[in-house]
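Convention: sequence-line order gives letters A, B, ...; per-chain numbering from 1. Every value quoted in this text rests on a predicted model; they were computed, and no experiment measured them.
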4 protein chains.
Amino acid sequence: MIIVINGKASDSHVEKVVQRLQKMGHKVNISRGERRIVLGVIGDAKDLSSVPLSAYEGVEEVIQIEKPYKLASKEYKSFTTNIKIKDVVIGGKEVIVIAGPCAVENKKQIFETARQVKSSGAKILRGGAFKPRTSPYSFQGLEEEGLKLLAKAAENTGLLVVTEVMSVNQIELVGQYTDIFQVGARNMQNFVLLKELGKLDKPVLLKRGMAATIEELLLAAEYILSEGNHQVILCERGIRTFENYTRNTLDLSAIPAIKELSHLPIIVDPSHATGRKELVGPMSKAAIAAGADGLIIEVHPKPKESISDGAQTLDFGNFNKLMSEVAQVALAVNRMVNLK
Amino acid sequence: MIIVINGKASDSHVEKVVQRLQKMGHKVNISRGERRIVLGVIGDAKDLSSVPLSAYEGVEEVIQIEKPYKLASKEYKSFTTNIKIKDVVIGGKEVIVIAGPCAVENKKQIFETARQVKSSGAKILRGGAFKPRTSPYSFQGLEEEGLKLLAKAAENTGLLVVTEVMSVNQIELVGQYTDIFQVGARNMQNFVLLKELGKLDKPVLLKRGMAATIEELLLAAEYILSEGNHQVILCERGIRTFENYTRNTLDLSAIPAIKELSHLPIIVDPSHATGRKELVGPMSKAAIAAGADGLIIEVHPKPKESISDGAQTLDFGNFNKLMSEVAQVALAVNRMVNLK
Amino acid sequence: MIIVINGKASDSHVEKVVQRLQKMGHKVNISRGERRIVLGVIGDAKDLSSVPLSAYEGVEEVIQIEKPYKLASKEYKSFTTNIKIKDVVIGGKEVIVIAGPCAVENKKQIFETARQVKSSGAKILRGGAFKPRTSPYSFQGLEEEGLKLLAKAAENTGLLVVTEVMSVNQIELVGQYTDIFQVGARNMQNFVLLKELGKLDKPVLLKRGMAATIEELLLAAEYILSEGNHQVILCERGIRTFENYTRNTLDLSAIPAIKELSHLPIIVDPSHATGRKELVGPMSKAAIAAGADGLIIEVHPKPKESISDGAQTLDFGNFNKLMSEVAQVALAVNRMVNLK
Amino acid sequence: MIIVINGKASDSHVEKVVQRLQKMGHKVNISRGERRIVLGVIGDAKDLSSVPLSAYEGVEEVIQIEKPYKLASKEYKSFTTNIKIKDVVIGGKEVIVIAGPCAVENKKQIFETARQVKSSGAKILRGGAFKPRTSPYSFQGLEEEGLKLLAKAAENTGLLVVTEVMSVNQIELVGQYTDIFQVGARNMQNFVLLKELGKLDKPVLLKRGMAATIEELLLAAEYILSEGNHQVILCERGIRTFENYTRNTLDLSAIPAIKELSHLPIIVDPSHATGRKELVGPMSKAAIAAGADGLIIEVHPKPKESISDGAQTLDFGNFNKLMSEVAQVALAVNRMVNLK
């Protein structure tokens, strides 16, 4: 940690900061320049994160040097974590595709979708039973009925299941039906939920919040990891910017960035990020080219009749085409998509 | 609702959209231009929000005309809602100031703060017992012990209490000690929490999410209102932008904007928004000048020794000065701060 | 300047960076921690800004400690610069209001506006003759004809003139008619233009770019100052964010921030920032309460018939009302508006 | 164009708007709902863009339906524009790579770079002679001397040249040495410059501004096109967001978006967008996978000794590796990179 003090600060002001640091057991390195005095505390300064050093007179800036997360860091573990669920491995050479409708609507819809996405090469079935909708007047999901249909459709076809859990009081119920808990963008900093999921032994798909930095995403993952659950899959799904042609701005540079900073696998959701079905294909290919470990894609038998997010949803034909295109890009970057 | 169709779309494409709308009971107005065909559905189109009209071939854009919220709107109620808690009214001519530490730390700290902010004119005591911290390694709050101290300190001084509830499973506990539930920025779209609070008869202070538009804030309020609880106080606390001198960018134009769109009272949190104590005074005055119904300010006996957010926290002297300055600005805009 | 090196870097990697710094004449302070090595260069490191230290192997981060601007800084000059033009002083106790139409349209419009805003208390007349419009098909301004009308209208009424210069090749022409050059938000980093204006002896009103940080605004000012022209007036006019109810997000916290960092006066443009006439009044009052040295307001005899930006333009009645309200807020913060 | 009027507006308020539209020769379609009245003007409403309809009483919203650009639109021309310069075609099946240093520094540097990037497969040499630097104290470029070296190095190796022109008064000089004018992000809305370049017969590489929407980028292109110069190459180079691990946020979804909206070719600058050399490779591959027509990459013989932007600059080895990787991705999406 670096503490920058204004050159006009009196010696006693500097002394007060130094004493505080020393009292906490830190060695302090003092460098005096013409206009600034710089204090350096090298090494583990995690205990200083709660000390309001910028409240001290004369202090202009406090700069964190150490990364604030630990278990999620590349320093903790240098190779990509492989998350193995039955015969599916996320984080390995194979690029894993998750597909399914935004919301589970009825038996026919989810069963048909499961069969089709499976035959195109998807390995995991998605589908919302509890839906976090911006408006209270929008469809909120079939709840347990939806979970049952989803699990049954997956079982029938040999797919795994991922579905969203929105609150601690849904964990038990959702956990009965899903192989992977999804934490949505709006709940990325629902710390109570993260901690509870951290106590379980089931993988968590953690979506980046719309206004979350990469560091904050890793800190949210750290909440889960630090409780003991090391099976976290990160998901880039677009951040909020001023651009409004797309629903959000898909930040693909987050993929190689996270590969530099962390060992956790990362997948991409081009459907929610762009909000436009014509953009889903190109951005899926781009995601794989950038190094993503997987994709999560919205697919529906009849997008025009879907209850939500139809504009960004692929039909079976377009999904099938996407899979074969994505498979080619995967090969070009030494990855692979298993189309069967 | 307006649906814009590409001029190159075939008649049958247009027909399909029209039929869908008519089947749902809507009258459709068709205007054909050279390059675009525009369909208009006038009146209540709420049921259309779940229909993926943009998934239809040829559809270029779907434009919502009606506001998506109802109970929160000015059309529902044209005058500002007054929220009365004991002898305090939020939304009236008096500007209400809430003050206190970021986190409740110990008895001495919270009792002393309560006494001092009361004597400077604050009407409500704030203080976190459950703290939503970005890092799992930061102080997470004293929990029930903190709630008890907070309630006791308020009772002693005749202040009301506001404190954060982070999750549905904390509602019952927190509700025993607080007069107002605070929903933090990170939980603005924790819809399960909002719905539960909507079933209670206790005011909710709802903070704007860092990436939330004004419309989304009003829709979050609508979640509470639509369950029956009409006592919602909005709070502008800064949005996330590229500017990094301040912690967030305080969007004061949200105040007159909300006064145009809604009847709900709105207060401002200049401490979290700016993250710098030198900016708290000027932005408090600006908030009142812009029409805010109140302020929520971080105050601590010794900011340098506070456990969190010290950089943005005022000491008693500065808070007292702020109150008298704010009172003058209030008078200049025909409001008032009751300093006793 | 602080250089953070990965703890895994070899000694020779560290040595290479140190040598580079020493060869340039800097003293280097080395602190070794468990996981990071931190090099500190204290004092003037301006010559290092061109050295790509992050390109050296092992370097994780390079942190600027010194502010990158000098002449614009509070350290260079601790009290607010007063810019005196004839009998008007910007940066003093008096809050100066600039008013006028978005674009000069015709003689009647600009003369009538000049008379009216003068009688309401404005001291400077604004009006565009060269208009930077997003679309090439929008009205681009009356050019020299507009400048003549503007200057004449101002002369008639005893107002000063401010108008925009969009390019180096317009400087001479515009300079013949204006008292203050305005550099628009889109040209804030038109460095060729800034440098040329820096060589003249005429005040420059420099608007913050839509994506410019406060630091970048001060660096743009530094371009003018470093050429010798010390008469720079900064202007906050809204930054671009995801919020779309307002045209831009007015960042009023930039006012006290700039008062902390710089001696240059700063005014606020609530018309362009909000894009909505109902918000201009509240945000004008808020700007003054936050410490602004002036305002620039769009006024037109008949906003409905104005050629551009009508939605954000006040008519004479509303401008007059705004002036008297603003005057009261000014008094409440120990400033004043001279209404005559 | 759609005009939404509040349902509480009186008939005479509605009438005034209608009359204005009719007086301008437009047919108006009126739809009355319970809470809103919607006026529709179908067809070319370009002349209405200057009419301040939102200034009329009762008007809540004015919605543009027609795209504001014309010559840049897909409707004007449905297939991608091929820009042919000597034997290089931009916008065809071949993906074109532009490479070179941030700034021309000296003969050895630029000649060596030219030779090496040519041998790796680049077709165009980049290098700045006039540099738009955020700080006036940073290196501003070698100016004409730099242009001469750049042109000579390109000539020697059979590469084309692209270099930045920052202002109208540099056009003539820069035009003597370059094959393509580059307009930087900071000048994307320097409309005087755009218009002048529109009058010439030389291709323009137009970089997206940091806060520019896709629509604004296309409108900036329209400034050039509408003056007669139809050779515009667009360039995505990152937009400004809250994320700070990367220098900017590369918005790759702009590529397929622009392919939907416009016929202009688009290339990507991963160096400036990310600001980190480790991210340049992955994002180059992602750009090609997303459909980009080319890349512009910063390459320097010794990045550590480069005068600017060293952190994001590749050395020859890494550039060569990137080219062969990019070539594979190009094949996977039915494009190609000609490595000779």
### Under 4.5 Å from a heavy atom of chain C, the part of A:E243 involved
neither
### Message
Using every non-hydrogen atom in the two residues, find where A:N29 and C:I30 come nearest and quote the distance to one decimal.
### Response
ND2-O, 4.4 Å
### Task
Determine, stepwise, if the pair A:E75 / C:R36 fulfils salt bridge (Lys or Arg N to Asp or Glu O under 4.0 Å).
CA-CA 11 Å; A:E75 290 167 352; C:R36 301 276 188 291; 2.8 Å; yes
### Task
Evaluate whether atom NZ of C:K74 has more than 12 neighbouring non-hydrogen atoms of other residues, nucleotides or ligands under 6.0 angstrom away.
yes
### Query
Are any non-hydrogen side-chain atoms of A:I63 and C:I2 less than 4.5 angstrom apart?
no
### Message
Are there over 12 heavy-atom neighbours, none belonging to C:K27, within less than 6.0 Å of that residue's NZ?
### Response
no
### A:N244 side chain reached by C:N244 side chain, heavy atoms, under 4.5 Å
no
### Query
Between A:S31 and chain C, which part of the residue has a heavy atom less than 4.5 Å away: side chain, backbone, both or neither?
both
### Message
Quick check on C:E57: does its CD atom have over 12 non-hydrogen neighbours (other residues, nucleotides or ligands) under 6.0 Å away?
### Response
no
